[in-house]
Amino acid sequence: MQYRRCGKSGLKLPAVSLGLWHNFGHVDVLENSRKIIQLAFDNGITHFDLANNYGPPPGSAEENFGKILKDDFKSYRDELVISTKAGYHMWEGPYGEWGSKKYLVSSLDQSLKRMGLDYVDIFYHHRPDPDTPLEETMTALDLIVRQGKALYVGISNYQADEAAKAIAILKQLGTPCLIHQPKYSMFVRWVEEGLMDVLGNEGVGCIPFSPLAQGLLTNKYLKGIPADSRAAKPHGFLQEEEVSEEKVARIIKLNTLAQQRGQTLAQMALAWVLKNQRVTSVLIGVSKTEQLMDCLHSLDNLAFTAEELNLIESILA
Ligand SMILES: NC(=O)c1ccc[n+]([C@@H]2O[C@H](COP(=O)([O-])OP(=O)(O)OC[C@H]3O[C@@H](n4cnc5c(N)ncnc54)[C@H](OP(=O)(O)O)[C@@H]3O)[C@@H](O)[C@H]2O)c1
């Protein structure tokens, strides 16, 4: 494993981190989830990313992760960086989503209970709230750190200008923003238009999620939609319509280039994100241990020639 410094902080993260959005809920097979987490840690993945609502049902990924921690990782807490988030809908009534202090503090208390932890390493505000003053949301993050319930804080899904404001407020409060978690892959490029510069200038780390576009940027959908894939699952967030003919045509071309580089498409897609030095870690998901090993080998070749990069741009154009 390679470890990269998170912005200008003291914390290093593995170049590949594992997220528990899919494949770790009560609808999934616990023993498979356990094997994936054990294999990840054995290969130097020290960072595991959760959120209050991961499952399904919501909360069950944290419960399962708590079970696995208790059974298998009791003596390894200090070797782990565990994150969770609040922002999306979690419980009924006006205090179960968005960005109020009431919601964030209550949600983290619930998450800690589900995981059986005294504190998380990183607590994120999961999405910007257009109605709550940003000062209130950021003050809640600062409070949570001062209470010892999180060591660091981050933001997710904030656009460049919103992120700049949040980072400035947190700095003023004395709890610097550690990291931003945006969606970024060869298929989703918005972060290149301003956000990366804000993070670079402010010394904030960046951990892109869905770097494989939920599995599209792998060899999985080259010949249709396999029955065990995220696109085929009723609770999967990847919709069948997203596996369009036009996308598959691009995927086939990218797959050919990956083969010429001696990589799988998943490995090339992760290497492409990791070539950006502002990226601290790529946050992947996997449903099988074999996928995890495949992804880890992306680190064997992160270099691209100018010709390869130009070809990728022409395929994506
Ligand atoms: N902050 C946010 O708003 C937000 C939103 C989304 C995600 N996230 C975080 O980001 C993490 C990753 O997101 P993601 O799961 O969408 O990431 P992803 O890495 O883009 O997609 C993961 C899926 O790709 C497929 N896959 C992975 N490796 C493969 C390989 N080597 N070969 C073939 N297929 C492979 C698997 O699909 P199958 O399941 O079909 O096998 C896997 O479930 C989440 O767990 C969560 O922690 C954060």
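Excluded from the calculations below are hydrogen atoms, water molecules and symmetry mates; all remaining heavy atoms, backbone and side chain alike, are included. Predicted, not measured: the structure shown is a model, and the values here were computed from it. Note that ligands are numbered from 1 as they come in the structure, with each ligand's atoms numbered from 1 the same way.
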task: For ring pair (Phe, Tyr, Trp, His ring centres under 6.0 Å), just list the numbers for Y54 and F24, CA-CA rounded to whole Å, side-chain angles, deciding distance to a tenth of an Å, and then say yes or no.
output: CA-CA 8 Å; Y54 290 176; F24 293 86; 9.8 Å; no

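- Between the S185 side chain and the L212 main chain, no donor and acceptor come within less than 3.5 Å of each other.
- Shortest contact from atom 27 (C) of ligand 1 to any protein heavy atom: G285 O, 3.2 Å.
- Of the options H235, Q214, Q239, a side-chain contact (heavy atoms from CB on, under 4.5 Å) to R230 is made by Q214 and by none of the others.
- A side-chain donor-acceptor contact under 3.5 Å links S111 and E62.
- With hydrogens left out, the protein atom closest to atom 36 (C) of ligand 1 is Q291 OE1, 3.4 Å, a heavy atom.
- Interface atoms of ligand 1 facing D49, defined by a heavy-atom separation under 4.0 Å, are 9 (C), 46 (C), 47 (O).
- At a 4.0 Å heavy-atom cut-off, ligand 1 does not touch S185 at all.
- Few gaps surround NZ on K149; more than 12 heavy atoms of other groups in view lie less than 6.0 Å from it.
- Between Y103 and W91, the angle of the ring planes lies from 30° to 60°, which puts this pair in the tilted group.
- Among protein heavy atoms, atom 16 (O) of ligand 1 sits closest to S210 OG, 2.7 Å.
- Each of the following atoms of ligand 1 lies closer than 4.0 Å to a heavy atom of D294: 30 (C), 31 (N), 32 (N).
- With F187, F48, Y124, F209 as candidates, the residue nearest to atom 6 (C) of ligand 1 on a non-hydrogen basis is F209.
- Ligand 1 has no nitrogen or oxygen under 3.5 angstrom from a nitrogen or oxygen of S229.
- Residue contacts with ligand 1 for Y54 involve side-chain atoms from C-beta outward but no N, CA, C or O (heavy atoms, distance under 4.0 Å).
- Of the polar atoms of R230, at least one N or O is found under 3.5 Å from an N or O of ligand 1, judged by distance alone.
- W98 and Y88 have their aromatic ring centers separated by at least 6.0 angstrom.
- Only the side chain of S156 comes within 4.0 Å of ligand 1, judged by heavy-atom distances.
- Summary of contacts: the protein heavy atom closest to atom 12 (C) of ligand 1 is L283 O, 3.3 Å.
- Ligand 1 places these atoms under 4.0 Å from at least one heavy atom of H126: 1 (N), 2 (C), 3 (O).
- Contact atoms of ligand 1 toward S287: 38 (P), 39 (O), 41 (O) (distance under 4.0 Å to a heavy atom of the residue).
- A 4.5 Å side-chain heavy-atom check between H180 and I167 finds every atom pair outside the cut-off.
- For Y88, no nitrogen or oxygen atom sits less than 3.5 Å from a nitrogen or oxygen atom of ligand 1, counting backbone and side chain alike.
- Electrostatic pairing of E242 and K247 does not count as a salt bridge here, judged by no charged N lying under 4.0 Å from a carboxylate O.
- Taking 4.0 Å as the cut-off between side-chain N and carboxylate O, K165 and E162 do not count as a salt-bridged pair.
- When L270, T218, L212 are ranked by how near their heavy atoms come to atom 33 (C) of ligand 1, first place goes to T218.
- Atoms of ligand 1 found under 4.0 Å from any heavy atom of G19, numbered from 1 in the order shown, are 11 (C), 44 (C), 45 (O), 47 (O).
- The ligand atoms of ligand 1 that sit less than 4.0 angstrom from a heavy atom of N157 are 1 (N), 2 (C), 3 (O).
- The main-chain N or O of I82 is found under 3.5 Å from a side-chain atom of D121 such that the two form a donor-acceptor pair.
- The side chain of N23, and not its backbone, has at least one atom closer than 4.0 Å to an atom of ligand 1 (non-hydrogen atoms only; side chain from C-beta on).
- When only modelled atom types and interatomic distance are considered, T132 and T137 share no side-chain donor-acceptor pair under 3.5 Å.
- For W21, a nitrogen or oxygen atom sits less than 3.5 Å from a nitrogen or oxygen atom of ligand 1, counting backbone and side chain alike.
- When hydrogens are left out, the protein atom nearest atom 25 (C) of ligand 1 is G215 CA, 3.7 Å; that is the closest non-hydrogen contact.
- Each of the atoms 37 (O), 38 (P), 40 (O), 41 (O) of ligand 1 lies under 4.0 Å from some heavy atom of K220.
- Taking any N or O of A266, backbone or side chain, none lies under 3.5 Å from an N or O belonging to ligand 1.
- Of the protein's heavy atoms, Q214 CA, 3.3 Å lies nearest to atom 21 (O) of ligand 1.
- Each of the atoms 1 (N), 2 (C), 4 (C), 8 (N), 9 (C), 48 (C) of ligand 1 lies under 4.0 Å from some heavy atom of Q181.
- Here the side chains of L18 and V286 are in contact, with some heavy-atom distance below 4.5 Å.
- Environment of OH in Y119: crowded, with over 12 heavy atoms of neighbouring residues, nucleotides or ligands closer than 6.0 Å.
- Remark: side-chain polar atoms of S314 are paired, donor with acceptor, to backbone N or O of L311 under 3.5 angstrom.
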